Structure formats: structure tokens, C-alpha cells
Amino acid sequence: MAAPTGNQGWAQLRQQARSLESQTETLFHTYSQFSTVSNIPAKPSKEERETETKLEEVLEKRDNVVNQLARLLDSEASLTSSALKQNNLSLLREKLAEHRRDLARLRSALQEARNRANLLSNVRDDIQTYRANNPEAAEAEYMLDERARIDNSHNMVDGVLSQAYATNESFAVQRETLASINRRITMAASQVPGLNTLIGKISARKRRDSIIMGGFIAFCFVVFWFFL
């Protein structure tokens, strides 16, 4: 098939480049998820290898399309809006270079995650092997862990008791403060002429009113009981 030429060929190649960019974004989304799994395998899975291969193929296709656009732009002197097309070509090249860097970064992140997982797995295997070959040491380690848990429990109890003591002390300080305020009020009242007498009359009147009210309630109760 003959290569497209002119403005029509430019539009077709540019549309193809945009379509390949969308495919790249979709593959990147899938490829990035392999590094976030909880139990990353020691070796790349079949799906991971296929996704990486597809990414490389799509990037290669995009590179070919960008080169075709560059040759078309150089060969067709009569193309309209050459400055705009040159700007579009520059953007396609920059996006392609950015995606190549993203692929290298994701590949490196995957390898680092796989190395960490392998290291942790090797450490766990070494610990289990050591415990299997040294049962006395394993028992001693278990006792030390139990002692650490008991110490943590004691520390929690000590913390709760300390808070309780601090609260009790705060209540004692508040009681002393209220008692001091009461004493000051009493002393101030005793120094005002006639204030104690007035307070005594008020108290006597309250007692008298209480007696009258009590007698009235008793009288009503007797009357009610008499007519019942």
C-alpha cells in the first residue's frame, strides 16, 4: 500500500499516533498494578511479561509513526499550517519520550518491589530454618516474647494508675480551693456589721416558713383522712 501523502496523509498518521497514545496509557495502568499486589511473585508472571511486551511494541509503533510524520513534513513543502504541524510533531515526540521514561521507571519499581519481597521471604526462611535446627533457642525466644508482652501489660497498668493518682490529687486540690473560698466568704461576712444578724433572721424565717408549711400539709392530711 502506498504511503499517505499531503494533508490527508498527515491527518491519518496523527490520528494513528493519538490512538497509540491511548493504548499506551491503558497498558501503563495495567502494568503499574503489578507492583502494588500484596504478594508479588519472585519472577514476573505471564500477564506481566505480556503487558510489558505490548508496551514495548506500542512504543515502537509510535516511534515509526512519528518518523513518518517527520518525513512527510519535510517532503511536502506545500502543506498548509506548517508551523502548527511542526508543533504537533514536537508534542508527539515529547509524549513518546515521556512514556519511554515511564516504562523504565515502572520496570525499575517492579524490580525493587520484587527484590524487597524476595529479601523478606529469604529472611523468614532463614529464621524458620534456625528455629528448626535450634529448638532451645526458639523456646528461649518465645519466653522472651512472652516476657515482653507481660512488661507491656504492666506498663499499661502503671499508666492507668498514674492517671488515677493524678486525678485524685486534682480533686484534693479542688476541695482545698473550695474550702479556702468558703473560709474567705465566712471571714468577709463576719467583718460586715449586722450581716450575721441579717443572715440569722433569714435562716429563722426560712425555718418558720418550713414549720408552717409542714403543719399545713399535716392538717390537710388529717382532714383528708377524716373524710375518707
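The analysis underlying the following values was restricted to heavy atoms, covering all of them including side chains, and did not include hydrogens, waters or symmetry mates. Just so you know, these numbers come straight off a predicted model, no measurement behind them.
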Would you please name every residue forming a side chain to side chain donor-acceptor pair (under 3.5 Å) with R14, sequence neighbours left out?
none
Is the number of heavy atoms from other residues, nucleotides or ligands within 6.0 Å of CD (Q15) greater than 12?
no
State which residues pass salt bridge (charged side-chain N to carboxylate O under 4.0 Å, His left out) with R18; sequence neighbours excluded, sorted by chain then number.
E21
Identify, with sequence neighbours excluded, every residue that meets side chain to side chain donor-acceptor pair (under 3.5 Å) alongside E98.
none
Restricting to side chain to side chain contact (heavy atoms under 4.5 Å, CB included), what partner residues turn up for A70, sequence neighbours left out?
L89, R93
Counterpart residues, side chain to side chain donor-acceptor pair (under 3.5 Å), relative to E56 (two or more places apart):
R107
With sequence neighbours left out, which residue pairs that include part of residues 50-74 fulfil the ring pair (Phe, Tyr, Trp, His ring centres under 6.0 Å) condition?
none
Listed partners of I181 passing side chain to side chain contact (heavy atoms under 4.5 Å, CB included), at least two apart
T177, I185
By side chain to side chain contact (heavy atoms under 4.5 Å, CB included), which residues pair with Q163, not counting sequence neighbours?
none
So does D63 get a backbone contact from the side chain of N67, meaning a donor-acceptor N/O pair under 3.5 Å?
yes
Look at atom CD of E25 and say whether more than 12 heavy atoms of other residues, nucleotides or ligands are closer to it than 6.0 Å.
yes
Working to the nearest 0.5 Å, report the span between CD of Q23 and OG of S19.
4.5 Å
Enumerate the ring pair (Phe, Tyr, Trp, His ring centres under 6.0 Å) contacts for residues 92-115, please, sequence neighbours excluded, ordered by first and then second residue.
F28-H99
How far does CH2 of W10 sit from CG of L72, to the nearest 0.5 angstrom?
7.0 Å
In sequence, state the C-alpha distance, the side-chain angles, and the governing distance for L110 and Y31, and then conclude on side chain to side chain contact (heavy atoms under 4.5 Å, CB included).
CA-CA 9 Å; L110 267 169; Y31 190 64; 3.4 Å; yes
Please collect all side-chain hydrogen bond (donor to acceptor under 3.5 Å, both in side chains) contacts where either partner lies in residues 40-51, sequence neighbours excluded, each pair once.
E48-R114
State the CG-CD distance between L20 and E60, to the nearest 0.5 angstrom.
11.5 Å
Using the test salt bridge (charged side-chain N to carboxylate O under 4.0 Å, His left out), find all partners of E176 that sit at least two apart in sequence or belong to another chain.
R183
Find the distance between OG (S22) and CG (L27) and round it off to the nearest 0.5 Å.
11.0 Å
Result for side-chain contact (heavy atoms from CB on, under 4.5 Å) between R62 and one of N64, V65, V58 points to V58
Testing the 3.5 Å rule here: is there a donor-acceptor pair between the side chains of N115 and Q111?
yes
Value for CG (N88) from CG (L13), rounded to nearest 0.5 Å, stands at 12.5 Å
How far does CG of N87 sit from CG of L92, to the nearest 0.5 angstrom?
9.5 Å
Under 4.5 Å between side-chain heavy atoms, chaining through other members, with only Ile, Leu, Val, Met, Phe, Trp and Tyr counted: pull out the rest of the cluster around V173, sorted by chain and number.
none
